[in-house]
Asker: 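Can you read through this structure? Questions will come right after.
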Number of protein chains: 2
Amino acid sequence: MAVKAGVSGATVSRVFNRPESVSPSTREKVLKAAKDLDYHPNVIATNFIKGISGNIGVIIPRIKNIHMLSVYYFAELLGGIGDALSRRGYNLVLLYHDITAPVMPGNDYTKYFKGNKVDGGILLGTFANEPSLVKLKEEGYRFCLINNYIENSGISYADADNLKGSYKAVKYLINLGHEKIAFLNGPMYYTNSIDRLKGYKRAMEEHGIPFNRELLFEGNYGRKSGYTAARKILSAKSPPSAIFVSNDRMAAGLLQGLLESGVKVPGDISIVGYDDSDVATVVTPQLTTVHVSFYEIGYRCADELVKCIKGEKDYFGISVQPKIVIRKSCSRPR
Amino acid sequence: MAVKAGVSGATVSRVFNRPESVSPSTREKVLKAAKDLDYHPNVIATNFIKGISGNIGVIIPRIKNIHMLSVYYFAELLGGIGDALSRRGYNLVLLYHDITAPVMPGNDYTKYFKGNKVDGGILLGTFANEPSLVKLKEEGYRFCLINNYIENSGISYADADNLKGSYKAVKYLINLGHEKIAFLNGPMYYTNSIDRLKGYKRAMEEHGIPFNRELLFEGNYGRKSGYTAARKILSAKSPPSAIFVSNDRMAAGLLQGLLESGVKVPGDISIVGYDDSDVATVVTPQLTTVHVSFYEIGYRCADELVKCIKGEKDYFGISVQPKIVIRKSCSRPR
DNA sequence: CCTGGTTATGAACACGTGTACATTTTACCT
DNA sequence: AGGTAAAATGTACACGTGTTCATAACCAGG
């Protein structure tokens with residue numbers, strides 16, 4: 001290539017990296033030769049010289065090949081991450097992290113970073129206060145969390161404001177006139193679930209409604225757990241007039257369970273879901289739910305992570321605001 | 001590292017690549033030193049030497065940041081691809097290919113391959129007989145298609161057997177006693193849609209039911225297009241007793257439309273969906289639908305692609321068999 | 001103990017680029 | 001035209017590994 005263009009290798013390098021540092025005439029000469037030869041700088045050699053891999057790893061936990069993440073926001077999230085990374089010249093590489101049970105103390109994430117495999121990592125689906133995350137941070141690796149955070153750990157994160165989202169949803173029900181509001185939450189090993197419970201409690205408290213332990217239920221974010229919750233909820237001492245559910249899939253299952261029991265939704269019981277996934281619009285009645293832009297979370301997270309890697313900053317905490325989407329699953333109580 | 005172990009760099013290299021070629025004593029010496037120093041061979045340098053990137057690109061088409069793929073199988077597919085690749089030491093890198101309209105003649109996929117960015121590509125969501133694919137093949141790049149194929153092109157692919165899946169679904173309806181069976185298909189610029197129409201026709205033909213152009217409808221795989229199709233289908237000269245729908249999302253929309261018009265499902269009209277996505281179980285009645293293992297498609301495809309890259313073969317065509325999943329949306333006709 | 005052959009190791013080089021430094025060319029001012 | 005500073009280009013080297021070839025250590029058979 002350098003010989004074809006009649007210049008030194010250094011000049012070729014300059015044309016592609018700091019074009020302004022080379023005279024217009026030779027610049028054109030080089031570009032023409034590059035076009036003729038279909039020459040493109042070898043990315044591997046470039047990265048090798050720079051001492052980087054050019055890869056950002058997105059680490060995804062799985063149990064026996066089963067995703068623990070809602071697939072619905074997975075695609076959107078990756079889209080955001082991918083756009084941010086490609087704009088900054090990094091590759092988005094997917095790494096699947098196999099675990100055997102929901103809460104594993106000894107997760108070793110370091111293996112993905114050793115030997116310059118990736119320049120940084122985005123960890124999805126990690127658990128509340130997971131010790132391996134703190135360890136990873138201490139070892140000096142560049143990474144951040146999505147959908148989780150650990151206070152005072154210095155670990156960067158991007159998350160939806162789950163407390164606020166939950167708060168808004170419950171407040172919406174309260175404003176409709178509901179007082180007996182049940183909450184079907186997800187597993188408490190997720191920070192998400194913890195925060196949503198806080199939001200639920202805060203909304204109730206602010207309106208002078210005492211927290212009733214009997215109206216709190218826990219599912220596993222799957223449809224079936226919503227379905228089976230229906231029976232439990234209906235057999236409570238004083239059944240609720242509204243139920244806030246921590247994701248749409250469970251809400252859909254719950255809805256099926258309620259309809260089977262002859263309960264009218266929203267006539268007898270109102271439901272608010274969470275996620276605004278496909279499921280929300282497909283169900284009858286369509287679900288009032290809480291929407292979060294996972295594209296935004298992904299994009300901003302990846303963008304900030306790259307800044308950290310480049311040394312422009314060394315910490316970020318992003319909190320994206322959810323919005324309530326009103327559809328057909330709520331009404332005033334009788 | 002080499003000095004710490006008291007050996008030459010060449011020996012270190014051998015320990016990690018052909019351990020049997022080095023004496024047990026020095027091997028242990030090297031491994032111990034590696035452990036002490038937390039040494040891991042630099043992947044970038046290794047790839048640089050080998051002249052490879054170690055990356056396989058999964059190329060995903062989008063229109064204005066909107067995925068054209070069903071998100072439901074996206075995660076499963078990537079899981080399969082990721083497992084196969086990591087087992088073989090390759091990275092799965094996601095590449096988003098922005099296009100402006102559904103059918104673009106001039107898609108340039110070559111840019112993802114230039115300069116050793118990736119060693120091979122897996123293209124998703126491409127269109128039937130897309131000329132740019134043939135061009136890509138002619139230029140000698142290693143790649144394959146998922147959910148598409150081009151006959152006699154020599155282009156490798158992995159796909160579900162859509163003709164067979166569609167055939168089974170329609171045959172199931174016929175066996176229940178249906179004769180007036182409508183088909184709500186997806187856009188015909190997808191090979192998938194073309195094949196499903198063939199399967200529909202074949203099943204009808206085999207049972208002596210003439211193909212009726214008036215019972216063929218086309219949507220865009222979105223829920224709304226199913227919803228609006230309900231009215232059209234009901235206003236046909238002789239409305240069908242069953243409808244085969246080319247994906248679950250449209251089927252769910254259709255279901256909503258039918259219920260709103262007072263049609264009972266499956267009493268008045270039976271529905272069969274396609275995909276076996278989340279949507280199928282969330283809807284009432286739950287959808288009888290066609291299931292495909294996208295994990296398998298992804299895994300086998302990636303595995304074969306790596307073989308091609310390593311020169312072990314130079315073509316493959318994988319066809320995965322769909323299965324019908326019977327739920328609650330079908331009954332015998334009146 | 002020597003010889004021939006086998007096995008284990010080291011020395012030197014190559015891969016394709018970016019960068020620091022040296023050198024040459026250009027531009028401008030007097 | 002001469003001189004000096006600035007801009008443009010070239011030279012030489014480094015990055016960390018795998019590989020080839022040469023050398024050294026070892027081993028078995030006589």
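Here is how names work: the chains are called A, B, and so on, in the same order as the sequence lines, proteins then strands, and each is numbered from 1.
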Asker: Check every strand shown and say whether B/V7 touches a base, only sugar-phosphate, or nothing at a heavy-atom separation below 4.0 Å.
Answerer: sugar-phosphate

Asker: List for me each residue that meets side chain to side chain donor-acceptor pair (under 3.5 Å) alongside A/S156, sequence neighbours excluded, and say none if there are none.
Answerer: none

Asker: Tell me, what's DNA chain C's dot-bracket, Watson-Crick or G-U with both distances under 3.5 Å, | for other-strand, [ ] crossing?
Answerer: ||||||||||||||||||||||||||||||

Asker: Using a cut-off of under 3.5 Å, enumerate the N/O to N/O pairs linking the protein to nucleotides 11-17 of chain C.
Answerer:
from   : atom 1 : to    : atom 2 : distance (Å)
C/dT17 : OP1    : A/Y39 : OH     : 2.9
C/dT17 : OP1    : A/N42 : N      : 2.9
C/dT17 : O3'    : A/T46 : OG1    : 3.3

Asker: Kindly state which residues belonging to residues 22-35 of chain A come within less than 4.0 angstrom of DNA chain D, counting heavy atoms of the residue only, listed by number.
Answerer: A/V22, A/S23, A/T26

Asker: Could you pull out all residues at least two apart from B/D161 that satisfy side chain to side chain donor-acceptor pair (under 3.5 Å)?
Answerer: B/Q321

Asker: Assert yes or no for the condition that the ring centre distance of A/Y299 to A/F294 is strictly below 6.0 Å.
Answerer: no

Asker: Under 3.5 Å, sequence neighbours excluded: what are the donor-acceptor pairs made by side chains of residues 137-146 of chain B?
Answerer:
from   : atom 1 : to     : atom 2 : distance (Å)
B/K137 : NZ     : B/G154 : O      : 3.2

Asker: Not counting sequence neighbours, which residues clear side chain to side chain donor-acceptor pair (under 3.5 Å) with B/D314? List them please.
Answerer: none

Asker: Sequence neighbours left out, cut at 3.5 Å: what donor-acceptor pairs do the side chains of residues 111-127 of chain B make with other protein atoms?
Answerer:
from   : atom 1 : to     : atom 2 : distance (Å)
B/Y112 : OH     : B/Y96  : O      : 3.4
B/Y112 : OH     : B/H97  : ND1    : 2.8
B/K114 : NZ     : A/D38  : OD1    : 3.4
B/N116 : ND2    : B/G51  : O      : 3.2
B/D119 : OD1    : B/S53  : N      : 2.9
B/D119 : OD1    : B/S53  : OG     : 3.1
B/D119 : OD2    : B/S53  : N      : 3.2
B/D119 : OD2    : B/S53  : OG     : 3.4
B/D119 : OD2    : B/G54  : N      : 2.7
B/T126 : OG1    : B/N148 : ND2    : 2.9

Asker: Who passes side chain to side chain contact (heavy atoms under 4.5 Å, CB included) against B/N129, sequence neighbours left out?
Answerer: B/I150

Asker: Which pairs with one or both residues in residues 21-35 of chain B pass salt bridge (Lys or Arg N to Asp or Glu O under 4.0 Å), sequence neighbours excluded?
Answerer: B/K32-B/D36

Asker: My understanding is that only residues two or more places apart in sequence, or in another chain, count here; which of them pass salt bridge (charged side-chain N to carboxylate O under 4.0 Å, His left out) with B/D303?
Answerer: B/R88

Asker: Atom CZ of A/R18 to atom P of D/dA7: distance rounded to whole Å?
Answerer: 13 Å

Asker: Please list, chain by chain and in numerical order, all residues satisfying side chain to side chain contact (heavy atoms under 4.5 Å, CB included) with A/E304, sequence neighbours excluded.
Answerer: A/K307, A/K313, A/F316, A/I318

